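Below you'll find the structure I mean.
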Amino acid sequence: MLDQPFFSHVLLREEELVPDRYPLTVAAARQIGKIRFHPNVTIFAGENGSGKSTIVEALAVAAGFPIEGGRRDNTRKVETGDLRLADSITLVKCPNRPKDGFFFRSENISSFALYIRETDKLGPGTSFSVDLHEVSHGESYFQILHDRFVGREQCLMFFDEIEAALSPQRQLELLFVIERMVRQNCMFIISTHSPILMSYPRSRLYWLDGSGIEERHWQDTEHYLVTHSFLLRPDIVRAELLREDQDMVQ
């Protein structure tokens, strides 16, 4: 596994952005310079709207990946996106260099599957062994990982809320794949709501909220605490929520 990351930290050229306008209205974007990458896995967690996807998207684009997702050589354009943050940051490089990589955007996997079909990158001995349109989103992720990346050295992987298409069991399987690839000197940058993915041990986790970016242990995140509380006493938590709902109706 890597003893140092492909990138050490992030530099924000704030003078290139307009004050009080997006992306500087996102607290996490203003503090993006706090990020120090873990050699193996760097995780971003937080509530909806906290800036997780904004940060991961900007980091992926700054690393040379298309905003649409996919590999660096993906030339299919499916959206314009907002590149202001990506264009205003620099990833400070370390001596290690990635040899390959992939930017997984859950909302764009169907478009990427169409790109694969159109460019004829299917079939035995080529990029992918099955038509990605013929399997579920979750299966598409594993197909891409196993056909293209598992077994390869020094890949740089970006996951933006990949758990949206994965059952809890498949999230556990993904932990196994991440561990296997980390042992192949691969590096992951992940945004997630999943306590399962947050639990990966060789990682650094950043919690994003309205005050910015803060490094935390995964068991100190609201996601873990809420999930743990519910699973520990589901009847009590559910009853309390439903009682509050009834009070609002009345």
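Here the structure is a predicted model, which is why all the values come from computation and not from measurement. When reading the values below, keep in mind they use all heavy atoms of this one structure, side chains included, and skip hydrogens, waters and symmetry mates.
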Open item on the list: Can you tell whether the side chains of Glu153 and Lys99 come within less than 4.0 Å, N to carboxylate O?
Closed with: no
Task: Residues Asn185, Gln154; criterion side-chain hydrogen bond (donor to acceptor under 3.5 Å, both in side chains); working and verdict - done: CA-CA 5 Å; Asn185 296 324; Gln154 291 184 229; 5.1 Å; no
Open item on the list: Hydrophobic clustering (ILVMFWY, side-chain heavy atoms < 4.5 Å, transitive) - are Val10 and Val56 grouped together?
Closed with: yes
- [ ] Could you check if a side-chain atom of Leu156 sits within less than 4.5 angstrom of a side-chain atom of Phe7, using non-hydrogen atoms only?
- [x] yes
Open item on the list: Hydrophobic clustering (ILVMFWY, side-chain heavy atoms < 4.5 Å, transitive) - are Phe102 and Leu145 grouped together?
Closed with: yes
Open item on the list: Quick check: do Ile178 and Ile190 have side-chain heavy atoms less than 4.5 Å from each other?
Closed with: yes
- [ ] Check Ala86 against Ala62 and note the closest heavy-atom contact, atom names and distance.
- [x] O-CB, 4.2 Å
Open item on the list: What verdict does the side-chain hydrogen bond (donor to acceptor under 3.5 Å, both in side chains) test give for Thr192 and Glu163, after you've listed the backbone C-alpha separation in whole Å, the side-chain angles of each residue and the deciding distance to 0.1 Å?
Closed with: CA-CA 7 Å; Thr192 184; Glu163 76 277 0; 2.9 Å; yes
Task: Any side-chain heavy-atom pair of Val182 and Tyr200 under 4.5 Å - done: yes
Open item on the list: side-chain contact (heavy atoms from CB on, under 4.5 Å), that's the test. Do Thr42 and Phe188 meet it? Break it down for me.
Closed with: CA-CA 6 Å; Thr42 302; Phe188 290 80; over 6 Å; no
- [ ] May I ask you to say whether Arg13 pairs ionically with Glu15, meaning some side-chain N is under 4.0 Å from a carboxylate O?
- [x] no
Task: Separation between OG1 of Thr54 and CG of Asp82, rounded to the nearest 0.5 Å - done: 8.5 Å
Task: Audit row: Arg30, Glu14, salt bridge (Lys or Arg N to Asp or Glu O under 4.0 Å) steps and yes/no - done: CA-CA 8 Å; Arg30 296 194 300 272; Glu14 193 168 339; over 6 Å; no
Task: Heavy atoms from other residues, nucleotides or ligands near CZ of Arg97 exceed 12 (cutoff 6.0 Å) - done: yes
Task: Aromatic ring proximity His217/Trp207, centre distance under 6.0 Å - done: no
Open item on the list: side-chain contact (heavy atoms from CB on, under 4.5 Å) for Leu241 and Val237? Distances and angles first, verdict last.
Closed with: CA-CA 6 Å; Leu241 288 172; Val237 174; 4.1 Å; yes
Task: Under 3.5 Å: donor-acceptor pair, side chain of Ser88, backbone of Arg84 - done: yes
Open item on the list: Do Glu222 and Arg216 have side chains that approach each other closer than 4.5 Å (heavy atoms only, starting at C-beta)?
Closed with: yes
Task: Distance under 6.0 Å and angle within 45° of ring axis: Arg170 vs Phe142 - done: yes
TODO: Is it possible for you to say whether Leu175 and Ile189 belong to one hydrophobic cluster, with membership spreading through side-chain heavy-atom contacts below 4.5 Å?
DONE: no
Open item on the list: Using side-chain contact (heavy atoms from CB on, under 4.5 Å), reason through Phe103 and Met157 one step at a time and then give a plain yes or no.
Closed with: CA-CA 6 Å; Phe103 177 18; Met157 312 299 292; over 6 Å; no
Open item on the list: Is any side-chain heavy atom of Phe149 closer than 4.5 Å to one of Val177?
Closed with: no
Task: Distance, nearest 0.5 Å, that separates OH of Tyr224 from OG of Ser229 - done: 10.5 Å
- [ ] Look only at the side chain of Ser194 and the backbone of Ile196, and say whether a donor-acceptor pair between them is shorter than 3.5 Å.
- [x] yes
Task: Distance in Å, Leu11 CG paired with Ile32 CD1, rounded so as to fall on 0.5 Å steps - done: 10.5 Å
- [ ] Test Asp160 against Ser191 for side-chain hydrogen bond (donor to acceptor under 3.5 Å, both in side chains), laying out the working first.
- [x] CA-CA 5 Å; Asp160 182 19; Ser191 73; 2.7 Å; yes
- [ ] I would like to know whether Leu174 and Phe159 meet side-chain contact (heavy atoms from CB on, under 4.5 Å); could you show each step before the answer?
- [x] CA-CA 11 Å; Leu174 183 59; Phe159 291 166; 4.1 Å; yes
TODO: Would you check if the side chain of His223 reaches a backbone N or O of Gly46 as a donor-acceptor pair within less than 3.5 Å?
DONE: yes
Open item on the list: Are the side chains of Tyr22 and Leu17 in contact, using a 4.5 Å heavy-atom criterion?
Closed with: no
TODO: Decide whether Leu12 and Leu83 are clustered together by the hydrophobic rule: side chain heavy atoms of Ile, Leu, Val, Met, Phe, Trp, Tyr closer than 4.5 Å, transitively.
DONE: no
Open item on the list: Measuring from atom SG of Cys155 to atom CE of Met181, what distance do you get when rounded to the nearest 0.5 angstrom?
Closed with: 5.0 Å
Task: Atom pair CG (Leu197) and CG (Leu205), whose distance is rounded to the nearest 0.5 Å - done: 11.0 Å
Open item on the list: Strictly by ring pair (Phe, Tyr, Trp, His ring centres under 6.0 Å), give each pair with a member in residues 25-72 just once, sequence neighbours left out.
Closed with: Phe44-Tyr206, Phe65-Phe158
Open item on the list: Quick check: is Trp218 connected to Val41 through a chain of hydrophobic side chains (ILVMFWY, heavy atoms under 4.5 Å apart)?
Closed with: yes
Task: Close side-chain approach of Gln31 and Leu208, heavy atoms under 4.5 Å - done: no
Open item on the list: Before you tell me yes or no, could you show the steps for Glu57 and Arg105 under salt bridge (Lys or Arg N to Asp or Glu O under 4.0 Å), namely the whole-Å CA-CA distance, both residues' side-chain angles and the distance that decides it to 0.1 Å?
Closed with: CA-CA 9 Å; Glu57 178 183 274; Arg105 295 191 59 167; 3.0 Å; yes
Open item on the list: Can you confirm whether Arg233 is buried at CZ, in the sense that more than 12 heavy atoms of other residues, nucleotides or ligands lie under 6.0 Å from that atom?
Closed with: no
Open item on the list: If I take atom OG1 from residue Thr221 and atom NE2 from residue His228, how far apart are they, to the nearest 0.5 angstrom?
Closed with: 12.0 Å
Task: Heavy-atom side-chain proximity of Arg72 to Pro98 below 4.5 angstrom - done: yes
